[in-house]
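Predicted, not measured: the structure shown is a model, and the values here were computed from it.
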Amino acid sequence: MAAAAVPVPQGPLVVGVDSSTQSTKALVVDSATGAVVARGQAPHTVGGGSDGTGKESVPEQWWEALTEALGQCGNPAREAAAVSVGGQQHGLVTLDASGRSVRPALLWNDVRSAPQRDRLIEELGGPKAWAERVGSVPAPAFTVTKWAWLKENEPEAARATAAVRLPHDYLTERLTGYGTTDRGDASGTGWWSSATESYDEEILDRAGLSPELLPRVLRHGEAAGTVRELPGLPLPTGALVATGTGDNMAAALGLGLRPGQPVLSLGTSGTVYAVSAHRPADPTGVVAGFADARDAWLPLACTLNCTLAVDRIAALLGRDREAVEPGGSAVLLPFLDGERTPHLPHASGLLHGLRHDTTPGQVLQAAYDGAVFALLTALDQVLDEDAAPDAPLLLIGGGAKGTAWRETVRRLSGRPVQVPRAEELVALGAAAQAAGLVLGEDPAAVARRWATAEGPSYGPVPRDEAALERLSRVLADAEGLLRHA
């Protein structure tokens with residue numbers, strides 16, 4: 001039996017990379033149609049640092065994983081006209097004068113820098129001053145707090161550092177030989193000002209970081225350079241390298257988002273965001289005022305407890321994650337890891353309202369309700385006046401495949417829901433950025449032409465006001481307990 005013929009690409013091939021916490025993925029994509037021609041993936045190791053409390057990875061391992069993932073793509077990768085890297089945000093990469101890492105990178109989920117974050121916020125004049133200048137009130141995830149921690153705790157490593165990069169910057173520089181970044185990823189550092197769209201030298205001075213150690217911030221549509229000749233790299237020398245960006249910005253590109261289109265990402269943590277034409281500056285710290293990968297903004301809020309927390313409740317109840325039942329008066333706030341939105345870092349899970357006739361399925365449904373309620377509350381703060389109140393919610397992430405998640409979002413939001421068929425949106429967004437560079441097009445328009453957001457649509461249902469009122473009341477009444485749990 002003859003093998004099926006591989007379709008001939010209609011446009012130049014491009015490579016989109018997703019360098020995440022656990023692995024690096026590479027997609028080779030037909031720039032004309034968005035068809036994935038080849039894919040590869042290789043894992044990373046995440047360690048805990050010398051004291052076991054941090055989250056660290058060796059940057060050179062990301063490069064090895066990228067090379068391996070590209071090798072798995074075979075000949076199509078060697079024919080690519082352009083490449084772009086989407087990477088995990090906020091990580092602190094410190095390089096010596098020869099370009100080697102001084103120490104393992106501090107990752108986004110390393111929060112040892114909380115004391116330095118508190119000091120920096122106070123020194124600059126409080127949360128409102130940070131929001132006005134940077135667009136965000138920094139969390140311990142932000143890169144500026146990590147550098148301040150390094151200066152205080154590992155001064156020898158700080159002194160040995162000749163260049164500071166983000167994870168996507170590091171891989172882009174390995175490809176091109178030039179130190180560059182983009183406004184989207186830079187906006188998550190805490191030292192890039194959204195008000196001036198430049199590095200904030202006062203903040204850098206307070207953190208003890210010279211601007212000379214930072215990469216040049218490229219504008220939307222600029223090339224970072226071309227692929228240099230490197231042994232063992234399965235990419236053509238001279239292929240264009242796009243700016244790359246952070247993972248959330250790449251996912252927004254991958255969906256081809258227009259301003260006001262809301263996204264709910266249901267993963268281990270939950271994320272809500274939308275592209276906006278207006279620069280965000282939330283002094284409460286709930287909304288991170290990121291820039292997007294183009295010339296607009298990407299206000300974003302994150303919850304810590306989403307699919308993993310609800311799965312844990314299901315396991316405690318001995319039920320399948322889809323075995324929910326309607327009804328009952330139980331309220332479950334699944335803040336098993338503390339919570340970021342609302343800001344309750346010391347909270348634990350809370351169950352209220354049990355009755356004799358409460359069923360396990362109703363308790364499980366209450367866990368879904370609690371997680372989705374937190375996300376929708378954050379979404380209300382993310383969306384601005386340009387967002388239509390009845391716009392469909394784009395549901396992405398692992399939870400988007402679950403009926404219980406989808407139906408809970410519909411019932412508590414009262415909005416229509418759309419579940420894009422496209423997966424690997426970070427890599428697809430990076431590929432769209434590479435295609436935009438090759439074709440001279442807007443990468444979001446490229447993604448829309450690829451129809452990445454298309455998928456099953458589900459109409460609105462009446463909003464469950466009783467459940468929302470119960471959740472709001474219990475959260476307000478239990479705030480003192482949750483704050484000190």
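Between Leu27 atom CG and Leu13 atom CG the span is 12.5 Å, to the nearest 0.5 Å. Atom NZ of Lys151 sits about 8.5 Å away from atom CZ of Arg159, to the nearest 0.5 Å. Of the inter-residue distances, the one linking Asn153 atom CG with Arg112 atom CZ reads 8.5 Å to the nearest 0.5 angstrom. To the nearest 0.5 Å, atoms CG (Leu264) and CG (Leu266) are separated by 6.0 Å. Separation of atoms CZ (Arg321) and CG (Asp311) is listed at 4.0 Å; rounding is to 0.5 Å.
Taking all atoms of both residues into account, the shortest heavy-atom contact from Leu336 to Asn305 is N-OD1, 3.0 Å. Closest heavy-atom contact between Ala444 and Leu253: N-CD2, 3.9 Å. The minimum heavy-atom distance between Pro299 and Val287, with the atom names listed, is CB-CG1, 3.6 Å. Heavy atoms only, all atoms of each residue included: Gln10 and Asp30 are closest at N-OD2, 2.8 Å. Shortest non-hydrogen contact noted between Gly11 and Ala32 is N-CB, 3.6 Å. Taking every heavy atom of both residues into account, Ser57 and Leu107 meet most closely at OG-CD1, 3.7 Å.
By the 4.5 Å heavy-atom criterion applied to side chains, Arg406 and Val409 are not counted as neighbours. Two residues are said to be in side-chain contact when any heavy atoms from C-beta on lie closer than 4.5 Å; Glu56 and Leu106 meet this criterion. For the pair Val28 and Val14, the minimum side-chain heavy-atom distance is 4.5 Å or more. You'll find the side chain of Leu175 reaches within 4.5 Å of the side chain of Val83, heavy atoms only. Side-chain contact check for Val137 versus Asp282: every heavy-atom pair is 4.5 Å or farther apart. With contacts defined as side-chain heavy-atom distances shorter than 4.5 Å, the pair Tyr178/Thr172 does not qualify. For the pair Trp147 and Thr161, the minimum side-chain heavy-atom distance is below 4.5 Å.
Judged purely by atom type and a 3.5 angstrom limit, Arg415 uses its side chain to pair as donor or acceptor with the backbone of Ala391. Checked by atom type and distance alone, the side chain of Ser210 pairs as donor or acceptor with a backbone atom of Glu212 at under 3.5 Å. Judged by distance alone, with hydrogens and angles left aside, the side-chain atoms of Asp169 form a donor-acceptor pair with the main-chain N or O of Leu166 at under 3.5 Å. Between the side chain of Thr94 and the main chain of Val164, no donor-acceptor pair closer than 3.5 Å is present. The main-chain N or O of Ala224 is never found under 3.5 Å from a side-chain atom of Thr243 such that the two would form a donor-acceptor pair. When atom types are taken as modelled, the side chain of Trp62 and the backbone of Pro167 share no donor-acceptor pair closer than 3.5 angstrom. For the pair Glu339 (side chain) and Thr341 (backbone), a donor-acceptor distance under 3.5 Å is present. Between the Ser187 side chain and the Ala291 main chain, a donor and an acceptor come within less than 3.5 Å of each other. A side-chain donor-acceptor contact under 3.5 Å links Thr145 to the backbone of Pro140. Distance alone, capped at 3.5 Å, places no donor-acceptor pair between the Ser113 side chain and the Gln116 backbone.
With His90 as reference, Phe142 is the one residue of Trp108, Trp191, Phe142 to meet the ring pair (Phe, Tyr, Trp, His ring centres under 6.0 Å) rule. Put simply, the residue from Val263, Leu255, Leu298 that forms a side chain to side chain contact (heavy atoms under 4.5 Å, CB included) with Val275 is Leu298.
With sequence neighbours excluded, no residue satisfies ring pair (Phe, Tyr, Trp, His ring centres under 6.0 Å) with Tyr170. Applying the side-chain contact (heavy atoms from CB on, under 4.5 Å) test to Asp247 and every residue at least two apart in sequence or in another chain returns Gln88, Gln89, Val426. Under the salt bridge (charged side-chain N to carboxylate O under 4.0 Å, His left out) criterion, Asp18 pairs with no residue, sequence neighbours left out.
Ion pairing between a basic and an acidic side chain is recognised when a charged N comes within 4.0 Å of a carboxylate O; Arg219 and Glu222 show no such pairing. Between Arg228 and Glu173, none of the side-chain N atoms (NZ, or NE/NH1/NH2) sits under 4.0 Å from a carboxylate O, so this pair counts as no salt bridge. Under a 4.0 Å N-O distance rule, the pair Arg100/Glu60 does not qualify as a salt bridge. With respect to Lys146 and Asp110, no salt bridge is recorded, no charged nitrogen being found less than 4.0 Å from a carboxylate O.
Side-chain atoms of Ser193 and Arg133 include no donor-acceptor pair closer than 3.5 Å. Side-chain contact annotation: Thr24 with His44, donor-acceptor N/O pair under 3.5 Å present. Checking Gln41 against Gln72 by side-chain atom types alone, no donor-acceptor pair falls below 3.5 Å. Of the N and O atoms on the side chains of Thr245 and Asp185, not one donor lies less than 3.5 Å from an acceptor on the other residue.
Applying the side-chain hydrogen bond (donor to acceptor under 3.5 Å, both in side chains) test to residues at least two apart or on different chains, none of the pairs has a partner in residues 255-275. Screening residues 72-85 for salt bridge (Lys or Arg N to Asp or Glu O under 4.0 Å) gives no qualifying pairs among residues at least two apart or on separate chains. Sorted by first then second residue, the side-chain hydrogen bond (donor to acceptor under 3.5 Å, both in side chains) pairs that include residues 292-304, not counting sequence neighbours, are Arg183-Asp292, Arg294-Asp442.
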Q: For the pair Arg448 and Glu441, evaluate salt bridge (Lys or Arg N to Asp or Glu O under 4.0 Å) and give the outcome as yes or no after the intermediate values.
A: CA-CA 12 Å; Arg448 289 194 289 271; Glu441 294 185 42; over 6 Å; no
